[in-house]
Structures are given as C-alpha cells and as structure tokens.
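Working notes for the structure below.
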Amino acid sequence: METMPTEISSSKMFGGYNRRYKHFSPTLGCSMTFFVFFPPSTNPSHKFPVLYWLSGLTCTDENFIAKSGAQRAASSEGVALIAPDTSPRGLNVEGEADSWDFGVGAGFYLNATQEKWKNWRMYDYVVKELPKLLNESLPQLDTSRASIFGHSMGGHGALTIYLKNLDKYKSVSAFAPIVNPVNCPWGQKAFTNYLGGNKADWEEYDATHLISKFHDVSATILIDQGEDDKFLHDKQLLPHNFEEACRAANVPLLLRLQPGYDHSYYFIATFIDDHIRHHAQALNLP
C-alpha cells in the first residue's frame, strides 16, 4: 500500500495551485485524501510556511478548498494551506455512518481508546503523520513553520492540538469552535463512544480545560463567532466558557461576535482573510 502521497487532481487558483493527494495512512489503517494550496512562487527553492485547516462535522478535505476563498489571501501572503479529511473512511465499522455527528466525517481530532473505534486517531494523523508525510514528500513546504485553524469540530481540533503542542505551532484561530465539548451534546456523544466514561479522559480534548494547563501562548488566539449561529443558541459551542477560562489563565484571546452571521461557509468566507493574515504575521516572525 502506497504511504507516499499521489497527486490525484490539480487546479490553478489566484496564481497558485490546489492539489489533492491520496495516500495510505498507517495511523488510521485506510486510504486518505488531503488538499494542499501552493501559493505562486518564482523561486523553485522557496519553502512556504504551512497553515493547517481542520474542517467540521460531515465535511471532507474538499469543503474548505471549494467554499472558503482562503486561497486569495494565502496567495498574497505566501502561506500554503493544508486541508486533511475529518475521519478515517472505508473501514466499514458497524454504526460508523448511522449519524452525521459521530463516526465517518466526525473524528473529533482525538485518539479513540475504545476498541471498536481504535482506528479513529485523527489527533496522531494531524499532529504526527501528516506533517512528517509533507516534510518527506513535498519539498516546497517548510513544516517547521506551522500554524493551525478550523471550524466548529475543527475549531475544537485546532485549539486542543495547538494548546498541547505549543512548540509545533506559531498561532491558532477558529470559526465557531466547540470549545467546551465535555459540556455540550456533540462532545458528550463523541467522547462517550470514542473515549469511554472517564470524564478525566474527556478533559484532555477540551480547550476550556486545557487552557489552564497550557497557557504559555505567544500569539493572541483569534475566534470569530456568528451571533445568529443556531448551534450557539443550542449551547453546542459555549464560547463564553472558553473566554472566562482564558481570562483566568491570562491568555490573550480576541473573541469577535459577528452580528447576523450563522454557522456556514458564507460566514467563514467573510472573515477568512483576517485569519490568514493573523497566521501569516505569526509565521513570518523571525
């Protein structure tokens, strides 16, 4: 099985290229796809810093690349975008596709400990396997200069991965992230099934809990949240819990509540340029 990535599509955009790759993941035990947006470059030896995007529930590696419009700012700022999938696929585990908020398309960026879901190791895939793969196979990328951001479930993933790996990422941001999953229905469902009943294990993947342990944050955390987001009102996102935890830990947070915006990619596309510039600034600091 081919662990090195094979290019399966390429489309020019804003002078750069969206390239999609397929490879076999030993971490997840299945074939995976991911996208890289390469900004334009006149120097073939130039290496781009990388910005990982983690998508939300039901998404694949395609949604962000097709809908966000992030490539315009990434092109002008000279930052490569990396968009992985949201879960293993094709393993045919019983019940994996029974609901939209668990299983396929809903990996929650953790390492599952329950036997049935043992292949759901998206944390290790994003933090360990994918950067190593990029470093070994795509010489245009400088994986030592990396930042991370995401949306909803992916915002949860970006925040928790960043906080637990402050040496690996220069900055983090999120759109409408699930910041306190131990206290919301999505998180409780996922964590019970993936991690079992021990709440202490859940807290290892909860940004609101982690911020008190990992608070040596150099760059301000940027979060945008639409005020007309259905899931905000359904108490799935709980941004003010994270805001209070950041305040208590003296962590710099810019939480922007955006009137009239919902949970969709229309909202993401509206504010994506701010996020790209936020990360470009952190990535290009000496």
Side-chain angles (χ1 to χ4, degrees), residues 51-57 59 63-64 67-70 73 79 81 83 86 108-109 126 146-166 169-184 186-187 205-283:
L51 177 52
Y52 295 93
W53 170 267
L54 304 184
S55 283
L57 290 163
C59 288
N63 299 68
F64 176 74
K67 294 180 175 181
S68 71
V79 174
L81 302 172
T86 54
F108 273 84
Y109 304 102
V126 169
S147 290
I148 192 165
F149 67 154
H151 171 230
S152 196
M153 175 185 73
H156 142 77
L159 288 164
T160 54
I161 285 170
Y162 171 77
L163 291 172
K164 293 205 273 189
N165 299 274
L166 291 169
Y169 304 97
K170 308 290 188 190
S171 52
V172 68
S173 72
F175 292 85
I178 305 169
V179 290
N180 193 193
V182 303
N183 287 319
C184 80
W186 278 339
Y205 296 102
D206 184 297
T208 298
H209 283 273
L210 291 172
I211 203 80
S212 63
K213 284 203 290 185
F214 304 103
H215 46 70
D216 189 19
V217 172
S218 53
T220 297
I221 297 171
L222 171 62
I223 293 177
D224 275 313
Q225 173 63 61
E227 287 189 343
D228 280 15
D229 186 329
K230 173 186 185 300
F231 301 115
L232 175 66
H233 302 294
D234 289 347
K235 297 188 167 38
Q236 295 281 19
L237 307 175
L238 305 173
H240 297 298
N241 292 6
F242 186 67
E243 184 179 35
E244 287 170 22
C246 286
R247 193 177 295 123
N250 203 27
V251 169
L253 169 69
L254 177 57
L255 171 61
R256 307 193 304 187
L257 300 176
Q258 305 290 4
Y261 287 92
D262 60 16
H263 199 71
S264 72
Y265 267 91
Y266 301 121
F267 158 61
I268 294 170
T270 302
F271 300 104
I272 194 71
D273 287 9
D274 290 349
H275 287 248
I276 301 289
R277 284 192 289 264
H278 170 79
H279 295 294
Q281 183 178 8
L283 288 165

Give me the atom names and distance for the closest heavy-atom approach of [X] to [Y].
X	Y	value
Glu243	His240	OE1-ND1, 3.0 Å
Gly226	Leu232	O-CD2, 3.6 Å
Cys184	Leu238	CB-CD1, 4.2 Å
Phe64	Ala83	CD2-CB, 4.4 Å
Leu54	Ala158	CD1-N, 3.5 Å
Ile272	Phe149	CD1-CE1, 3.7 Å

Any chance you could measure [X], atom [atom1], to [Y], atom [atom2], to the nearest 0.5 Å?
X	Y	atom1	atom2	answer
Asn165	Thr160	CG	OG1	9.0 Å
Leu255	Phe242	CG	CZ	9.5 Å
Phe214	His209	CZ	NE2	13.5 Å
His275	Ser68	NE2	OG	11.5 Å
Asp229	Leu237	CG	CG	5.0 Å
Thr208	Asn183	OG1	CG	8.0 Å

* Asked: Which one of Tyr266, Phe175, Phe271 satisfies the ring pair (Phe, Tyr, Trp, His ring centres under 6.0 Å) criterion with Tyr261?
  ->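 Testing Tyr261 for a ring pair (Phe, Tyr, Trp, His ring centres under 6.0 Å) against Tyr266, Phe175, Phe271 leaves exactly one candidate, Phe271.
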
Exam field: side chain [X] to backbone [Y], donor-acceptor pair closer than 3.5 Å:
X	Y	result
Asn180	Asn241	no
Thr220	Pro252	no
Ser171	Ser147	no
His151	His263	yes

Do [X] and [Y] make a side-chain contact, defined as non-hydrogen atoms from C-beta onward lying under 4.5 Å apart?
X	Y	answer
Ile276	Leu81	yes
His278	Leu254	no
Leu253	Arg247	no
Ile268	Asp224	no
Val182	Tyr205	no
Leu57	Phe108	yes
His279	Val79	no

* Does CD in Glu227 sit with more than 12 non-hydrogen atoms of other residues, nucleotides or ligands closer than 6.0 Å? ->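 Correct, the count exceeds 12.
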
* Kindly indicate, with the supporting measurements, whether the criterion side-chain contact (heavy atoms from CB on, under 4.5 Å) is fulfilled by Thr270 and Gln258. => CA-CA 10 Å; Thr270 302; Gln258 305 290 4; over 6 Å; no

* Partner of Trp186 by side-chain contact (heavy atoms from CB on, under 4.5 Å), out of His156, Met153, Gln236 ->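 Testing Trp186 for a side-chain contact (heavy atoms from CB on, under 4.5 Å) against His156, Met153, Gln236 leaves exactly one candidate, Gln236.
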
* side-chain contact (heavy atoms from CB on, under 4.5 Å) evaluation trace for Lys213 with Leu163 -> CA-CA 9 Å; Lys213 284 203 290 185; Leu163 291 172; over 6 Å; no

* Would you verify whether the NZ or CZ of Lys164 falls within 45 degrees of the ring axis of Tyr169 while also being under 6.0 Å from that six-membered ring's centre? =>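 Because its charged atom misses either the 6.0 Å distance or the 45° angle limit, Lys164 does not stack over Tyr169.
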
